[in-house]
Protein chains: 2
Amino acid sequence: MRLVIARCTVDYDGRLTAHLPEAVRLLMVKADGCVAIHADGGAYKPLNWMNAPNTLVEASDDGLDTWRVSNPKGETLTITLLEVLSDTAHEMGVDPGLQKDGVEAHLQELLAGDPSFLGEELSLVRREYPTGIGPVDLLCRDADGHTVAIEVKRRGEIDGVEQLTRYLDFLNRDELLAPVRGLFVAQEIRPHARVLAGDRGIGCVEIDYDELRGIESTTPRLF
Amino acid sequence: MRLVIARCTVDYDGRLTAHLPEAVRLLMVKADGCVAIHADGGAYKPLNWMNAPNTLVEASDDGLDTWRVSNPKGETLTITLLEVLSDTAHEMGVDPGLQKDGVEAHLQELLAGDPSFLGEELSLVRREYPTGIGPVDLLCRDADGHTVAIEVKRRGEIDGVEQLTRYLDFLNRDELLAPVRGLFVAQEIRPHARVLAGDRGIGCVEIDYDELRGIESTTPRLF
DNA sequence: TAGTAAATATCGCAG
DNA sequence: CTGCGATGTTTACTA
C-alpha cells in the first residue's frame, strides 16, 4: 500500500463529473490498484476514488506530477499533485478478512432451523421461496396447514412491510398456496412499520437474537 | 490525520459483532476522531471503522498497545497492536469539498424541457406536481388529453414502481385528472421492477442520458 | 456473469 | 431529531 500526502486537485469524469479544489489530502493506492482520496474528516468514505480494475499512469509536466487513473468502463480520475509532503509504501500481505456474526442471514438461518421459535407451530416449506418478483425469506405451513410467508429483517421498517406485501400479492395468486398470510419478523420493529403491517393483516414478531442463538445451541440434536 | 501501519487484531461489538484475525493493516485516524482500518485491497470501504463522535483511549498492557474506541451508542472497537511498523501524523486542514455535476435532478430537468423525448407526444403540466403523499416528478398530458404521471429515476428498481403506484392511487381520486396512467423512466430499469410495473399497468421507458443531454443542447431555441 | 438484496451502509435535505 | 431518498453506493449471494 502506497500512502501519499499531497496538496492536490482532483477531477473525476465517469458516471458523473466532479472536481476537488486545491487542498492537502491523503492519496491511498492499494495493492490491487484501487485509488482513494481522503480528507481529514468525514466518515470512512473517501472524497473520490477509483476501484479495481484500473490503470494508474504517472506523468510529469513542467515539474507538476499528474496521476491519471482510468478503467475499462471509460471512467477517469485525474489527480494533479502541487506539492508532495510525504510518499511511503508498505508491504501488508493478504488480509484474512472479516468474521461477522449477527446479521440477517444468521437470523434467517436460525429461524429456518426452528420456525416454532416465532411462537406458533410452524413447519418450514422452503427458504428463499421464489416469487415472480423475488424470493421470500421463509415459506412455512401452520398447524392448520395454511401457508405462511415470513420476511426476516434485522431492523423492521416500512420498506420491509412493503416487500412482504408484494410477495403476498404474488403468492396468493397461486391456487396451490392461497390463502397465504404474512409474518414480519425482526429484532426491532419500528412503530410505523408495525402500524402498516397491522393495517394489512400482517403479523409482527420481535425476536431476541441472543435467545434465538441460545435455544439453537442448546436444542438437543439427533446426530 | 494519523496513519499507523501495524500488525493487529480488531474486535467490533455494536450493531453486530465482528473480528479481524492478526494481519498487517493501515489504521487511519481523522481529525474528527473517525477511525478506519484498511487492508491492502478491496474497494474504498474499510474492514472496520468507527465514525465520529467517539473517544479513542490508548492503553499499554504487557508492552502490548490497545486502542479502545467507543461511542455514545455503546458500540466499541478494540484494536490490539502486536507490532507497529509506522506511526505518522499530518496536518491537512479543512477540505473545501466535492463539486458534483450530472446526477438525477438533471434528468428530470431535461425531460421537463422535452417530454416528447419519451417516445410519444406529451406536454408538461407541471414538475413536482403535489399529491397527498409527496410530489410526482412530472405530470403531463398525452395526445388524447389524458393525464400521465411520470416518475424519473437514475436506476429503476422496485421501490420506484411502488412510489409511482402510490402517486397514481392518489391522483386517480381527483376527478379532474382521472384516469391517470403512469410512466416509469430511468437510465436502466431492472427486470423485477419491469415485471412489477407491467403487472400494475405502468409503462417503462429507458433513456440514454448522453442522448438526452445532446438533444437538449442541440435543440434550437427561440431566444 | 448477471441480477438482487443487505449493509455497522453514508450523506443530504426537509418537516 | 426523524424519516425519506440518492449514492460514482459496495458487498455478498444466487441462479
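Order of the sequence lines sets the chain letters (A, B, ...), proteins ahead of strands, with each chain counted from 1.
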If a pair satisfies ring-ring contact (aromatic ring centres under 6.0 Å, His included) and one of its residues is in residues 7-28 of chain A, list it, with sequence neighbours excluded.
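Applying ring-ring contact (aromatic ring centres under 6.0 Å, His included) to every pair that reaches into residues 7-28 of chain A, excluding sequence neighbours, yields nothing.
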According to ring-ring contact (aromatic ring centres under 6.0 Å, His included), does anything in residues 25-52 of chain A pair up with another residue at least two apart or in another chain? List the pairs.
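Output for this query lists His38(A)-His38(B), Tyr44(A)-Trp49(B), Trp49(A)-Tyr44(B).
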Quick one: which protein N/O atoms are closer than 3.5 Å to N/O atoms of nucleotides 3-5 of chain C? Pair and distance per line, please.
from   : atom 1 : to        : atom 2 : distance (Å)
dT4(C) : OP1    : His192(B) : N      : 2.8

Does Met50(B) reach a base, just sugar-phosphate, or nothing at all? Heavy atoms under 4.0 Å.
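Touches nothing.
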Residue list, side-chain contact (heavy atoms from CB on, under 4.5 Å) with Thr76(B), at least two apart or on another chain
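Asp13(B), Ser70(B).
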Set of side-chain contact (heavy atoms from CB on, under 4.5 Å) partners for Arg194(A), sequence neighbours left out:
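Checked Arg194(A) against side-chain contact (heavy atoms from CB on, under 4.5 Å); matches are Ile189(A), Cys204(A), Glu206(A).
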Using a cut-off of 4.0 Å between protein heavy atoms and nucleotide atoms, how would you tag nucleotides 10-15 of chain C 5' to 3' with B, S and -?
SS----
Pairing residues for [X] by the side-chain hydrogen bond (donor to acceptor under 3.5 Å, both in side chains) criterion, not counting sequence neighbours:
{"X": "Arg166(B)", "answer": "none"}
{"X": "Glu58(A)", "answer": "Arg2(A), Trp67(A)"}
{"X": "Asp95(A)", "answer": "Arg25(B)"}
{"X": "Asp65(B)", "answer": "Ser60(B)"}

When the nearest nucleotide of DNA chain D is assigned to Asp159(A) and to Leu98(B) on a heavy-atom basis, which residue is associated with the more 5' position?
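Nearer the 5' end of the strand: Asp159(A).
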Using the C1' atom as the point on both nucleotides, what is the distance between dG8(D) and dA14(C), in whole Å?
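That atom pair is separated by 25 Å.
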Whole angstrom is fine here: how far is it from NZ in Lys73(A) over to P in dA2(C)?
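Interatomic distance, NZ of Lys73(A) to P of dA2(C): 11 Å.
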Under a criterion of less than 4.0 angstrom to any heavy atom of chain A, what are the 5'-terminal and 3'-terminal contacting nucleotides of DNA chain D?
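From 5' to 3', the first and last contacting nucleotides are dG3(D) to dT10(D).
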Is there a side-chain hydrogen bond (donor to acceptor under 3.5 Å, both in side chains) between Lys153(B) and Gln163(B) once you walk through the steps?
CA-CA 11 Å; Lys153(B) 294 282 182 207; Gln163(B) 193 179 346; 3.0 Å; yes
Ignoring hydrogens and angles, write down the donor-acceptor pairs under 3.5 Å from the side chains of residues 169-178 of chain A, residues two or more places apart or on other chains.
from      : atom 1 : to        : atom 2 : distance (Å)
Asn172(A) : OD1    : Val180(A) : N      : 2.7
Asn172(A) : ND2    : Leu168(A) : O      : 3.2
Asn172(A) : ND2    : Val180(A) : O      : 3.3
Arg173(A) : NH1    : Asp199(B) : OD1    : 3.0
Arg173(A) : NH2    : Asp199(B) : OD2    : 2.9
Asp174(A) : OD1    : Leu176(A) : N      : 2.9

